[in-house]
Enquirer: 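There's a structure below that I have some questions on.
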Amino acid sequence: MLQIERLVARPQFETGKICVEDIQQILQYIHLDNPGLFYLPLKSKILIRSSGQAALELDYLYTPERIHQLDAALDSAVATILSREAIGNLDDYHKELAIHDYLAGSITYDHTPDDTYAAYSIIGALLRKQAVCDGYAKAFKLLSDRAGLATILVHGDADNEDIATDTGHAWNIIRLEGRYAHVDVTWDSTAKSDGGISHAHFNLTDEQMRKDHAWNFDFIPTCDADELNYYSRIGTSIVSKTQYRDFIADQLAHGRAQFSVRIVGKGKTLGTVSRVTREIMDSLYPRGGYSYSMSFDPRRSVVAIAMNKERTCRL
């Protein structure tokens, strides 16, 4: 149950110079840019006076004592995460990757905890390990801010059959090497992947992102750097069956049980990718002795494979 402490702030606004919608928009921008304000509601009451002035009324979501407790817990959690992931020793790209992988691997998507609002904030994401997209995106921004990375939080719409919510969605845009890219930690956390952490939504271009996301382009920087994409950066974007076979063989030879790759080109369907993968496995294991599961994301062209170690021989 939320503990409510009312705080009434009364800054004076001349309604002839600024409208109610502008005030609400300003408050939204403050929320998006300051995930540490977990104790403020997303919307506030604006009182219009007959004098033509307006007063802003805020209801804090927690008591002052509880806010101090949660602030201290968050500071400790953030310091622990950044230290454990050795963020200070990494370049910016690998800082982002470490933050992404930590959040995608440690948070469970859940919009029905006891404290519903917490799921939309860093409280749910970093302290309770349960959050919805807002919580994931705010946690990503907070950790990125502390690590010295330039990020923003984006609100828009999305179509994901794996998450039973409405179309409202939140994700991030990051600035790296003078370029911008989309990163959706929520979808990588909830993706039906290779049993490990998905990177299908790590640093996408506008073209790649708009296949299932929509947003207001007026206020968002253009993202067009495919070289920041996870698969482009680590060199696992392949264009031929031979490259695909060599990639799988290399992963298996190194004893990796979970791996993923992006297939570049046209004509990719689940049926085609499944058939080619089976043919490659048959060629690598001519006497059988293997077992695996596979998933394919047609929008991102990402194949994820998980080998069953108990039923698979070592190459």
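Source: prediction; values computed, not measured.
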Enquirer: Rounded to the nearest 0.5 Å, how far apart are OG of S301 and CD1 of I263?
Expert: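 So the OG of S301 and the CD1 of I263 are separated by 7.5 Å.
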
Enquirer: For residues I174 and I122: do they belong to one hydrophobic cluster (side chain heavy atoms under 4.5 Å, members Ile, Leu, Val, Met, Phe, Trp, Tyr)?
Expert: yes

Enquirer: What distance do R128 atom CZ and S121 atom OG have between them, rounded to the nearest 0.5 Å?
Expert: 8.0 Å

Enquirer: Can you hop from Y244 to V264 via hydrophobic side chains spaced under 4.5 Å?
Expert: no

Enquirer: Answer yes if the side chains of N89 and H94 hold a donor-acceptor pair under 3.5 Å, and no otherwise.
Expert: no

Enquirer: Could you pull out the closest heavy-atom pair between V132 and Y109, with the gap in Å?
Expert: CA-CE1, 3.6 Å

Enquirer: How close do Y117 and F38 get, counting heavy atoms only, and between which atoms?
Expert: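 Looking at all heavy atoms of both residues, the shortest contact is CE2-O, 3.2 Å.
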
Enquirer: Please confirm whether the backbone N or O of V273 pairs with a side-chain atom of T277, one donor and one acceptor, at under 3.5 Å?
Expert: yes

Enquirer: Applying the 4.5 Å side-chain criterion to the ILVMFWY set and letting contacts propagate, would I152 and L149 be lumped into a single cluster?
Expert: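 Hydrophobic grouping puts I152 apart from L149.
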
Enquirer: Looking at residues at least two apart in the chain, or sitting in another chain, which of them share a ring-ring contact (aromatic ring centres under 6.0 Å, His included) with F202?
Expert: Y93, H100

Enquirer: So, taking the atom named OH in Y136 and the one named CD1 in I107, what distance separates them when rounded to the nearest 0.5 Å?
Expert: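 Y136 OH to I107 CD1: 5.5 Å, rounded to 0.5 Å.
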
Enquirer: When hydrophobic residues are tied together by side-chain contacts of less than 4.5 Å, even through go-betweens, does Y180 share a cluster with Y231?
Expert: no

Enquirer: Quick one: does D110's side chain have a donor or acceptor within less than 3.5 Å of a partner on Q130's backbone?
Expert: no

Enquirer: Whether D75 and R146 form a salt bridge (side-chain N of Lys/Arg under 4.0 Å from carboxylate O of Asp/Glu) is what I want to check.
Expert: yes

Enquirer: Taking S83 for its side chain and T80 for its backbone only, find out whether a donor-acceptor pair lies under 3.5 Å.
Expert: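 No, S83 side chain to T80 backbone: no donor-acceptor pair under 3.5 Å.
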
Enquirer: Are R262 and S232 close enough, and set up right, to give a side chain to side chain contact (heavy atoms under 4.5 Å, CB included), and what steps lead you there?
Expert: CA-CA 9 Å; R262 183 173 67 168; S232 294; 2.6 Å; yes

Enquirer: If you measure from the Lys or Arg side-chain nitrogens to the Asp or Glu carboxylate oxygens, is any gap between E177 and R233 under 4.0 Å?
Expert: yes

Enquirer: In sequence, state the C-alpha distance, the side-chain angles, and the governing distance for M209 and I173, and then conclude on side chain to side chain contact (heavy atoms under 4.5 Å, CB included).
Expert: CA-CA 11 Å; M209 198 70 169; I173 287 179; over 6 Å; no

Enquirer: Going by the angle between their ring planes, with limits at 30° and 60°, are W187 and H201 parallel, tilted or perpendicular?
Expert: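 W187 vs H201 ring planes: perpendicular.
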
Enquirer: Shortest non-hydrogen contact from A170 to T186?
Expert: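 It is O-OG1, 4.4 Å.
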
Enquirer: Indicate the atoms forming the closest heavy-atom contact of A104 with S189, along with that distance.
Expert: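 Where A104 meets S189 most closely, the heavy atoms are O-OG, 3.1 Å.
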
Enquirer: Do the non-hydrogen side-chain atoms of L74 and I123 ever get within less than 4.5 Å of each other?
Expert: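 Yes; the side chains approach each other to less than 4.5 Å.
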
Enquirer: Could you tell me whether the side chain of Q243 reaches within less than 4.5 Å of the side chain of D246, counting heavy atoms only?
Expert: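 Sidechains of Q243 and D246: no contact.
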
Enquirer: Is the shortest heavy-atom distance from the side chain of L142 to the side chain of L126 under 4.5 Å?
Expert: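 Yes - at least one pair of side-chain heavy atoms lies under 4.5 Å apart.
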
Enquirer: Report the relative orientation of the aromatic rings in W171 and H213; use parallel for angles under 30°, tilted for 30 to 60°, perpendicular for over 60°.
Expert: perpendicular

Enquirer: Does a donor on one side chain sit under 3.5 Å from an acceptor on the other, for N216 and H155?
Expert: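 Their side chains do not contain a donor-acceptor pair, so the 3.5 Å distance test is not met.
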
Enquirer: Considering non-hydrogen atoms only, spot the tightest contact between T236 and F247 and give its length.
Expert: CG2-CE1, 3.6 Å

Enquirer: Side-chain contact, heavy-atom cut-off 4.5 Å: R256 with D250?
Expert: yes

Enquirer: Can you tell me how far the NE2 atom of H31 sits from the CG atom of D33, to the nearest 0.5 Å?
Expert: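 Interatomic distance, H31 NE2 to D33 CG, rounded to 0.5 Å: 12.0 Å.
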
Enquirer: Between the main-chain N or O of L270 and the side-chain N or O of S274, is there a donor-acceptor pair closer than 3.5 Å?
Expert: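 Confirmed, S274 side chain pairs with L270 backbone.
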
Enquirer: Pick one: which of T222, T205, D224 meets side chain to side chain donor-acceptor pair (under 3.5 Å) with R179?
Expert: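 Going through the options one by one, the only one that passes is D224.
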
Enquirer: Please determine whether a side-chain nitrogen of the Lys or Arg among R300 and D184 lies less than 4.0 Å from a carboxylate oxygen of the Asp or Glu.
Expert: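 Result for this pair is no, no salt bridge flagged.
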
Enquirer: Check whether any side-chain heavy atom of E96 lies under 4.5 Å from a side-chain heavy atom of Y230, and answer yes or no.
Expert: no

Enquirer: Given side chain to side chain contact (heavy atoms under 4.5 Å, CB included), test M281 with I248 step by step and report yes or no.
Expert: CA-CA 8 Å; M281 290 295 185; I248 293 176; 4.0 Å; yes

Enquirer: Are side-chain heavy atoms of I238 and R245 found at a separation under 4.5 Å?
Expert: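 Contact flag for I238/R245 side chains = no.
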
Enquirer: Roughly how far apart are K138 NZ and N172 CG, rounded to 0.5 Å?
Expert: 11.5 Å

Enquirer: What I'd like to find out is whether the side chain of K241 reaches to under 4.5 Å of the side chain of E279, using heavy atoms alone.
Expert: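 When only atoms from C-beta onward are counted, E279 and K241 do touch, with a gap below 4.5 Å.
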
Enquirer: Measuring from I99:CD1 to L82:CG, what's the distance to the nearest 0.5 Å?
Expert: 6.5 Å

Enquirer: Below 4.0 angstrom, N of the basic side chain to O of the carboxylate: do K211 and D297 qualify?
Expert: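 No, this pair does not count.
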
Enquirer: Which atom names give the shortest non-hydrogen contact between L153 and K141, and what distance separates them?
Expert: N-CD, 4.4 Å

Enquirer: Are L204 and V303 connected in a single hydrophobic cluster, I mean Ile/Leu/Val/Met/Phe/Trp/Tyr linked by side-chain heavy atoms less than 4.5 Å apart?
Expert: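 Result: no, two separate clusters.
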
Enquirer: Could you walk me through whether H254 and F259 pass side chain to side chain contact (heavy atoms under 4.5 Å, CB included), step by step?
Expert: CA-CA 11 Å; H254 285 86; F259 44 88; over 6 Å; no

Enquirer: Are N229 and H199 close enough that a side-chain donor and a side-chain acceptor fall under 3.5 Å?
Expert: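 Result is no, nothing qualifies.
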
Enquirer: Quick one, L143 and I87 - any side-chain contact, counting heavy atoms below 4.5 Å?
Expert: no

